[in-house]
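Counting starts at 1 for both ligands and their atoms, in listed order. As a basis for the values below, the full set of heavy atoms in this structure was taken, side chains included, without hydrogen atoms, waters or symmetry mates. Just so it is clear, the structure is predicted and the values come from calculations on it, not from any experiment.
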Amino acid sequence: MAEKEQTNRTNIRVRFAPSPTGAFHLGSARAALFNYLFAKRYGGKFILRIEDTDAERSKKEWEENIFESMKWLGMEWDEGPNLNFEKDGKKYIGDYGPYRQSERKEIYARYLKQLIKEEKAYYCFCSKEELESYKQYAMSQGLPPVYPNKCRDLDPKEVQKKLEEKKPFLIRFKCPKGKKIIVKDAVRGEIEFDSSLLGDFSLSKGFEFPLYNFVCAVDDYEMNITDIVRGEDHIPNTPKQILIQEALGFPKIQYAHLPLVLGQARQKLSKREGALPISDYKDQGYLPEALINFIVFLGWNPGNEKEIFSLESLAKEFSIEKVQKSGAIFNPQKLEWLNGFYIRKKTLKELARLCVPYLEERGLIKRNEKMIRPKDELLPETSYLVTETKENIFDDYLEKAVSLYQERIKKLSEIGDLVDFLFVKDLDYPAEMLKWKKMASNQELEDSLNKCLKLLSSIEEKSFNKEILEKLLLREAEEMPDRGYLLWPLRVALTGKQASAGPIDIAAVLGKEKTVQRIKEAIEKARSIVQ
Ligand code: GLU
């Protein structure tokens, strides 16, 4: 499809059609995103259809997971199941509902009856065992495992009799022999199939349990779908769906099959390599902006060096012509990099808010309806109250805490281990840790800590800020053989850690009272070191 042709098209309607048989994972998100962008780019409609014909494997919890993940990623559907179920007596938004296949069984039965009446489909009464043995035989002969058409020409009287006896049946499609089926694919060009290799495939188990290819073809027509954008793994289904469409006199649909997503060694992507449910990425502290930006490159690129794309900018720049044929490589480092980028772009207020669940999970803060505060009674109440008023104003302390690590974190979940010392009352670390590696004696350590104490105690509460601290402490540190003599013990005293943000920044966040108290505690500890 040429770019021009696309933009001239009107009334584009695309659908994302997940089966709720598992969590909404990265691959589903990619299919959803490309459909979403295709619709937005050309002013069309994005439809969500729940393909839950497999009643045993379909679960409400997975459906919820799909809804929540799509909403979280920002891909709202124009038509589909309604999240506020039963609003105005309707369970869906849009004029083509219901959008759950389990609620559309009458429609399917109607078309099945039509196909049988027009002799384009037939009843097959073969037992499971018989079907299995045909399959085994065909395979042993190196032939495609197609049904040998045993029931294709059954005498109508015999059919009637078996139906009256309530014998279970499949409804099979009368597949034409030796017909060339040509799929015009926007990504892959023309793909040719030989209908003989398909055999008389089944459309439904009885009338109650219609199968994927059939319901898909019916719904794509009934929902007025103009373009099908889905993974390459569906290519073998496409000729079957085209034959069903033709048999029912439906108009043609345009196809675009997206390339497979592969691991770094170009093998099929596994969970271990990072292809996770979107809800897992969310829990790990990935941002939706980063995931969208990452996922769109799994098969698409803008044709230039630009790497950063928001959902809004993609809605303007995305085009199906730039979707590649070859497999898309999943690179988890790229995702981390993008996530770090988007974390750095957040305002402190936004970042603090995003970090709250992780700090809470880590037991560092507690929350009630109005307020979020450290678990320990660490500071005077007013200095750490984090209030969630109507305007959602977050208090300084939390913002300052996350500001220490905004440049470093790649995932929000990393924050807890980094800032824990700012939220607990007592630090637990071995006294030895206080000693700078070049210090020869405990006296040197005590002297250093005492210097810090004296200096910091002399600063007035209201001037206890980064600029003043930097000026005084660095001047003092320059007097020493190296800065570590002063700053190392200070770091450990304030954090209980060997690695942290700069001790001066940390002192400024902790405030005078707590800083001084921690240095005093460190002096006590230093005295306990046996020489
Ligand atoms: N329910 C199918 C799936 O989840 C949809 C395939 C399609 O888009 O036609 O893979």
Side-chain angles (χ1 to χ4, degrees), residues 12-39 44-67 69-70 75 77 79-81 96 98-105 108 181 183-188 191 193 201 203-204 209-245 248 250 252-261 268-269 275 277-278 295 298-299 320 323:
I12 283 187
R13 289 175 60 82
V14 290
R15 85 299 192 275
F16 169 56
S19 304
T21 52
F24 180 82
H25 54 84
L26 195 95
S28 328
R30 204 256 318 237
L33 178 62
F34 281 40
N35 276 288
Y36 175 87
L37 294 175
F38 188 79
K45 289 268 186 291
F46 174 57
I47 291 130
L48 172 62
R49 181 170 81 217
I50 298 294
E51 301 211 324
D52 57 351
T53 47
D54 185 340
E56 245 165 61
R57 290 175 59 227
S58 297
K59 298 261 173 328
K60 276 280 167 225
E61 66 192 271
W62 298 130
E63 206 183 280
E64 287 299 321
N65 184 270
I66 294 168
F67 296 160
S69 306
M70 285 179 64
M75 293 189 275
W77 46 100
E79 295 176 25
Y96 297 82
Y99 293 87
R100 272 188 198 83
Q101 290 185 326
S102 56
E103 294 165 16
R104 302 173 61 80
K105 293 208 167 165
Y108 308 134
I181 307 152
V183 179
K184 288 200 175 119
D185 190 284
V187 177
R188 316 183 69 81
I191 317 170
F193 292 89
F201 54 89
L203 303 174
S204 183
F209 301 105
L211 299 169
Y212 164 68
N213 280 307
F214 172 68
V215 289
C216 183
V218 167
D219 283 347
D220 288 335
Y221 167 71
E222 283 276 323
M223 295 181 180
N224 234 343
I225 300 301
T226 57
D227 296 74
I228 293 181
V229 181
R230 62 183 173 196
E232 193 183 289
D233 47 325
H234 281 291
I235 290 180
N237 294 321
T238 305
K240 294 182 184 171
Q241 293 174 14
I242 289 179
L243 287 172
I244 298 168
Q245 289 158 8
L248 287 167
F250 298 161
K252 280 193 175 20
I253 299 185
Q254 308 236 28
Y255 289 90
H257 285 99
L258 309 172
L260 291 176
V261 181
K268 204 171 163 252
L269 191 60
I278 294 299
I295 292 169
L298 294 174
I320 210 85
V323 173

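- One side chain, Q241 or N213, offers a donor N or O that lies under 3.5 Å from an acceptor on the other.
- At a cut-off of 3.5 Å, with distance as the only test, no side-chain donor of Y212 or E51 sits close to an acceptor on the other residue.
- Qualifying side-chain contact (heavy atoms from CB on, under 4.5 Å) partners for I228, counting only residues two or more places apart in sequence or in other chains: R15, D220, I225, R230, I253, Y255.
- Counted by atom type alone, Y108 and D219 present one or more donor-acceptor pairs between their side chains at under 3.5 Å.
- Using a heavy-atom distance under 4.0 Å as the criterion, the protein contacts of ligand 1 are R15, A17, P18, S19, E51, Y212, C216, R230, H234.
- Residues that satisfy the side chain to side chain donor-acceptor pair (under 3.5 Å) test with D233, not counting sequence neighbours, are absent from this structure.
- For N65, the side chain to side chain donor-acceptor pair (under 3.5 Å) criterion is met by S279, not counting sequence neighbours.
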